[in-house]
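Working notes, beginning with the structure itself.
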Amino acid sequence: MAAINKFGEFAYRCNDCNFHLDINCALLQSSIAANFPNSLHPHPLHVIQNHNKEVEPDCLGCRKPISGPFYHCSDCTYPTVFNLHKECAELPLEINHPYDRKHPLTLLPQPPTHPQKCSCSLCRIQWKGFVYSCSLCNFDLSLDDFLFSPPTITVASHEHPWMLVSRKMWFVCDFCGTDGDHSPFVCATCHLLVHKNCISLPRHIMITRHRHTISLSYSLRQNQVEDWMCKICYEEVDIRYGNYRCPASRCRYISHVRCATDKAIWDGTIMPEGYDERSEEVVDEPWNLITDVVEQIRIGELMVASEIKHSYHDHNLRLTFSGKTKDDDSQCDGCTRPISTPFYSCEQCKFFLHKDCAELPKEMPHPFHKHLLTLLNSHNDYGFSWCRACCRMYQGFSYRCYEGDCSFQIDIQCMLLSDTLKHPSHEHSLFLFHNKEGTSCSACFEGLYSWDDAYRCMKRCDFSLDVGCATLPLTAWYKYDRHALTLTFSDDSEPSQLFCDICEKKRKPNRWFYYCANCDNSLHLNCAIGDLPYMKLGNKIEGIRHRHPFNVVKNIWNCPPCKGCGEVCNGQALECKESECNFTVHWNCLLDLRE
């Protein structure tokens, strides 16, 4: 019977089984697909003949978008919707192919299971979908190779046509330098053998790991006069094969093709031939958020802005080169680190900016992320943000990605890191790496996930460092010690001596800690720097487990008890100043509060 659906449109409905069809679907012509093998799918499939709109999800055979006639399983529902192109559903179950001349290839619904580190073509591209397979020869052919590999391909990035060699053969791709086991494309003029996917490698790309455009280069020279190190994975680049390198004079940036085009590093943007980076410069528009220079002074041969207007503050800011602020706990409103000279300050309110933070550019690329990042001074509804790199809460300025639905966001401290790092905890330089499977941080011993940002040793020592540990301050202060405590990376003390002088609880051996050699004081990392080291004192946090806003405070003497756990709130904490409340709570105890 006819009915009205929830969107106010006409639909067909069965009252007995609550089955609905909108008008468009009801008018589709369908029939049962005959002789579809149970080995590929256990349910009957309907052939939908006259569908002209694109269908989601993609075809489960070739993994490409669907439009036109297709096969659909009405027994499978979300999230296991089963759709197939008509052509993919009607593929022969066995084929004879020049790739394997001994045996026929059998159509399977998914690739057979291979060892974890298999290097075959399907595993390298992580193919999911139908395959033609020979179990005797351990050979698999994707539908992409079977259906969509024309014998000759012409692309704009190469001046000669590429011809398919339809057979199983081992080769090293002249573009990416990795091996292949079948069906290379050959350029007879240049004597090049390449993977099908490497034919379409762009000539020029831009990645956030380097400030210039990098260009695809390949050489037929057999002798390598000098060693070249990939600036992404820090392994040797064999320049007999393809690589991406910087064409700028005196710039020696080079990377493996696979490293430069990794999805975690390159956003897919192709730079046009003859692109001039200088054409992007906008002369009349300020590159940072200083909107006006009110006054300048001369220092040697340089003119320095001594008074400025800044987009993120209502009043003028004046420059201080030396001396201290009236409050020793003053923090930069940009990076929330302790203020140090030179800095800009407001004479009407407690607003401070390091000179470097005031001059931060509006937009910056960063090696932690493949898209361009934009400077902002806003936070979530609670009044703070979460840094994607060091995994800490913070207030102050941020850099955020606005590309599509990407919400990557990091604080200023992490934004100032580069893709290499020299840290006093290790004798060798470290580099930013992405393949973190099975590794853990050598400081906190926490396992690293694929989305974590971390560094590892360039010399391939078993040493890794997550960004949270890499950005720990090298010194900290303790109220009962007149000396600065130093971040310490090892401890030879007896196990019975491994205690924290603040919380009086045990310290784990081989964990980093803060230490004063003069006074023999040892502190846990969190006991020394607190739970909220990058939240600005006096700022508010709202809407978390309490009807009133909290103020970020730092207790040094006369520390009140925590409303959650009852222990003293030493260091940073949250305080409700409303007369009917008037309590203090640790951040980690906040979720235990009850109204």
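Count residues from 1 along the sequence.
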What's the verdict on salt bridge (Lys or Arg N to Asp or Glu O under 4.0 Å) for Glu427 and Lys459, showing C-alpha distance, side-chain angles and the deciding distance?
CA-CA 10 Å; Glu427 58 184 324; Lys459 301 293 185 182; over 6 Å; no
Sidechain-backbone polar pair: Asn380 side chain, Gly383 backbone, donor-acceptor under 3.5 Å
yes
Could you walk me through whether Asn539 and Asn551 satisfy the side-chain hydrogen bond (donor to acceptor under 3.5 Å, both in side chains) test, starting with their C-alpha distance in whole Å, then the side-chain angles of each, then the deciding distance to 0.1 Å, before giving a yes or no?
CA-CA 6 Å; Asn539 280 7; Asn551 288 315; over 6 Å; no
Quick test of your reading of the model: are Arg547 and Glu578 salt-bridged, counting only N-O distances below 4.0 Å?
no
Distance under 6.0 Å and angle within 45° of the ring axis: does Lys563 meet both against Phe583?
yes
Which of parallel (below 30°), tilted (30 to 60°) and perpendicular (above 60°) describes His428 and His426?
perpendicular
Does this structure show an ion pair linking Arg460 with Glu235, if we count only N-O contacts that are shorter than 4.0 Å?
yes
Taking the six-membered ring of Tyr534 as reference, does the cationic atom of Arg337 (NZ for Lys, CZ for Arg) lie under 6.0 Å from its centre and within 45° of its axis?
yes
Donor-acceptor check, side chain of Thr584 to backbone of Leu574, threshold 3.5 angstrom: yes or no?
no
Examine His210 together with Tyr253 and report whether their ring centres are nearer than 6.0 Å.
yes
Here's one to test your reading of the geometry: is the NZ or CZ of Arg456 within 45 degrees of the ring axis of Phe433 and under 6.0 Å from its centre?
yes
Take the angle between the ring planes of Phe397 and His310 and call it parallel below 30°, perpendicular above 60°, tilted in between.
parallel
Checking Thr336 against Gln331 for the side-chain hydrogen bond (donor to acceptor under 3.5 Å, both in side chains) test, could you report, in this order, the C-alpha distance in whole Å, the side-chain angles of both residues, the deciding distance, and whether it holds?
CA-CA 5 Å; Thr336 69; Gln331 295 168 273; 5.1 Å; no
Is it true that a side-chain atom of Lys370 and a backbone atom of Lys263 form a donor plus acceptor pair closer than 3.5 Å?
yes
Quick one: list whatever passes ring-ring contact (aromatic ring centres under 6.0 Å, His included) with His315, sequence neighbours left out.
His313
In sequence, state the C-alpha distance, the side-chain angles, and the governing distance for Tyr515 and Asp520, and then conclude on side-chain hydrogen bond (donor to acceptor under 3.5 Å, both in side chains).
CA-CA 7 Å; Tyr515 181 64; Asp520 194 28; 2.8 Å; yes
Less than 4.5 Å apart, side chain to side chain, heavy atoms only: is that true for Pro202 and Trp266?
yes
Please confirm whether Arg245 makes a cation-pi placement over Trp228, using NZ or CZ under 6.0 Å from the six-membered ring centre and within 45° of the ring normal.
yes
